[in-house]
Student: 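Take a look at the following structure, please.
In what follows, residues are counted from 1 in the order of the sequence shown. Heavy-atom basis, side chains included; hydrogens, waters and symmetry copies ignored. In this text the structure is predicted, and so the values were computed from the model without any measurement. Whatever order the structure lists them in is the order used to number ligands and atoms, beginning at 1.
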Amino acid sequence: MTLWGGRFSSGTSDAMAALSRSVHFDWRLAPYDLVSSKAHCRNLVKSKILTAAEGKKIESALDLLRKDIAKGLVAPLSQDEDLHGVIERVLSDRIGELAGKLRAGRSRNDQIATDLRLYLRDASCELIAGLLQLIEAFIKQAKRHEESYVSGFTHLQHAQPIVFGHELAKHAHALLRDVERLEQWWLRTGVSPLGSGALAGSVLSANPEASAKLLLFETSAGNSIDAVSDRDFAAEFLFITALIGIHLSRIGEEWILWSSTEFGWAKLDDAYSTGSSIMPQKKNPDVAELARGKSGRLIGNLTSLLVTLKALPFAYNRDLQEDKEPVFDSLDTLLLLLPAISGMVESTEFNERAMSAGATAGFALATEVADYLVRKGIPFAKAHEISGRAVALAERKKVSLEELSLADYQSLNKLFQSDIFKVLTVESAVASRKSRGGTAPTALRAQLAELGTLLTSARRTNTKRTSTLAKLWGDSEGKSKRSRGATK
Ligand code: ARG
């Protein structure tokens with residue numbers, strides 16, 4: 001059913017109808033459209049467009065429809081263009097002409113913008129919960145490796161020894177920034193477009209602030225033209241999800257490297273790896289590869305919406321219908337990835353022997369030699385030069401820096417004493433980096449405690465928001481499960 005027709009003498013062509021159709025992806029917004037319709041209905045009663053009895057009748061029809069959709073009793077038909085059409089069709093079947101009264105004073109333009117904001121605010125809580133689970137997995141794994149020595153890398157070359165827990169914990173910081181970004185985005189997205197009408201505002205339900213409050217938004221829109229055409233919140237959401245994808249892809253890349261035979265650091269759990277149909281010995285890091293691979297589509301979804309928005313005239317244009325699929329796809333992709341990556345991270349076993357064997361390889365203690373000389377009063381630039389000559393000497397003699405003799409060191413500089421060998425151990429190199437954020441086990445323990453506190457507080461905020469949003473539904477069964485990938 002179409003929501004217009006008075007001035008048309010023929011129906012739409014099949015090709016036009018097929019092109020226009022969005023119900024196969026916007027149907028998942030139905031529960032949100034119904035609660036926003038309820039808010040609108042209350043406004044219509046207040047402004048005397050509807051009598052109290054009519055308002056009551058419409059509200060209970062909306063509530064019932066929401067429950068029926070949740071039970072799968074109502075679904076779009078092939079002739080339905082979008083979710084608004086389905087809802088009006090079913091309401092008309094159930095309450096007759098009264099259904100048409102609900103359309104007063106609003107437009108699909110302010111409706112769809114409201115629906116998408118409501119949906120995404122709700123969905124972001126689920127996304128944050130997934131991120132927090134992954135952060136917890138990293139903290140747990142890092143705690144198991146507070147004293148596992150390993151080489152740190154720059155340029156993918158051995159750089160300086162570190163403890164492996166420090167290497168793992170770094171991901172928790174990046175992911176916590178993602179959580180923070182979503183938390184801040186949540187507030188910016190809390191602006192209600194309802195009441196903006198097609199573009200100019202509405203005379204009939206002139207209380208946008210009241211609807212905003214009912215829908216648990218922070219405020220109503222300050223400009224009706226901006227309100228119906230603004231998709232910054234969707235673009236920002238796509239940026240945040242793309243950046244999460246990039247973080248996950250960097251995690252994936254590490255897991256792929258670490259589980260290779262050449263590294264031999266990580267043993268993937270059977271539950272989070274796959275075999276090969278032809279090579280029986282294979283165990284492949286597919287979860288990590290999919291994390292790396294799927295970051296491509298997350299970036300693509302962001303690009304797609306930005307290009308749609310570029311130079312788009314104000315206010316509503318049908319181009320804006322293209323906002324939903326990328327946003328839904330990025331959300332679905334991450335909700336699929338996050339639990340798998342959390343499982344992979346938590347269940348991987350690390351081979352401490354293999355890791356520590358390489359901790360000093362590649363002359364990774366060269367900085368210790370330079371720092372030793374600095375402590376003896378030599379300027380770092382000169383100390384760096386002397387240490388470099390020690391590396392060259394060791395290379396020539398085919399030994400490590402620890403294996404050079406004191407005479408070797410003294411041939412390079414007289415300030416070297418036998419205590420040089422005290423600093424030439426992984427343990428001392430690592431333990432000496434004990435300032436905040438450093439790799440020393442003591443600093444790592446402090447870091448993990450701090451991360452634990454941040455995790456707990458982010459969880460508290462998210463639980464609070466989730467339960468606040470649950471009030472939207474006003475009952476326990478209210479919302480249909482956000483039916484991802486709804487109707488095809
Ligand atoms: N399906 C449309 C969308 O997602 C709903 C708004 C349609 N508005 C209009 N004036 N045709 O953007």
Side-chain angles (χ1 to χ4, degrees), residues 1-8 11-13 15-37 40 69 75-91 100 102-121 123 189 191-202 204 221 224-235 237-238 301 304-310 312-332 482-488:
M1 124 172 197
T2 56
L3 298 174
W4 32 269
R7 57 119 49 224
F8 287 77
T12 44
S13 71
M16 168 68 210
L19 174 64
S20 212
R21 203 164 186 260
S22 60
V23 74
H24 50 295
F25 55 81
D26 68 21
W27 184 236
R28 65 166 85 189
L29 299 176
Y32 301 84
D33 196 75
L34 290 164
V35 283
S36 97
S37 291
H40 180 63
I69 291 173
L77 301 176
S78 59
Q79 70 267 27
D80 290 316
E81 178 190 309
D82 61 17
L83 86 148
H84 314 292
V86 186
I87 289 173
E88 191 164 319
R89 172 174 60 75
V90 180
L91 277 183
L102 194 55
R103 231 203 271 167
R106 70 172 178 180
S107 150
R108 281 186 292 165
N109 300 353
D110 59 346
Q111 252 181 291
I112 195 71
T114 306
D115 296 352
L116 192 57
R117 281 176 186 259
L118 279 174
Y119 174 87
L120 284 181
R121 265 170 50 110
T189 305
V191 178
S192 173
L194 200 63
S196 298
L199 81 159
S202 157
L204 295 179
S224 57
I225 304 173
D226 176 52
V228 291
S229 39
D230 166 30
R231 292 295 183 275
D232 291 1
F233 69 96
F237 182 81
L238 286 172
N301 287 337
S304 146
L305 182 63
L306 289 177
V307 177
T308 298
L309 295 176
K310 181 189 170 295
L312 191 68
F314 290 85
Y316 182 85
N317 296 272
R318 194 61 182 277
D319 315 42
L320 287 174
Q321 181 167 295
E322 293 297 309
D323 60 356
K324 282 171 267 321
E325 284 165 292
V327 158
F328 295 158
D329 183 69
S330 289
L331 174 69
D332 295 348
R482 222 186 346 270
S483 42
R484 288 190 284 280
T487 25
K488 286 283 163 245

Student: Looking at W27, Y119, F25, which one forms a ring-ring contact (aromatic ring centres under 6.0 Å, His included) with F328?
Tutor: Y119
Student: Heavy atoms, side chains only, cut-off 4.5 Å: are I112 and H84 in contact?
Tutor: yes
Student: Please check if any side-chain donor atom of Q111 sits under 3.5 Å from a side-chain acceptor atom of R108, or the reverse.
Tutor: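 There is no such pair (donor and acceptor under 3.5 Å, judged by atom type) between the side chains of Q111 and R108.
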Student: Flag the pair R89 and E81 as a salt bridge only when some basic side-chain nitrogen lies within less than 4.0 angstrom of an acidic carboxylate oxygen.
Tutor: no
Student: Quick check against the 3.5 Å criterion: does H40 have a side-chain atom that pairs as donor or acceptor with the backbone of L194?
Tutor: no
Student: Could you walk me through whether D26 and K324 pass the salt bridge (Lys or Arg N to Asp or Glu O under 4.0 Å) check?
Tutor: CA-CA 7 Å; D26 68 21; K324 282 171 267 321; over 6 Å; no
Student: Tell me which residues fall inside the under-4.0 Å heavy-atom shell around ligand 1.
Tutor: S22, D82, R108, N109, I112, Y316, Q321, K324
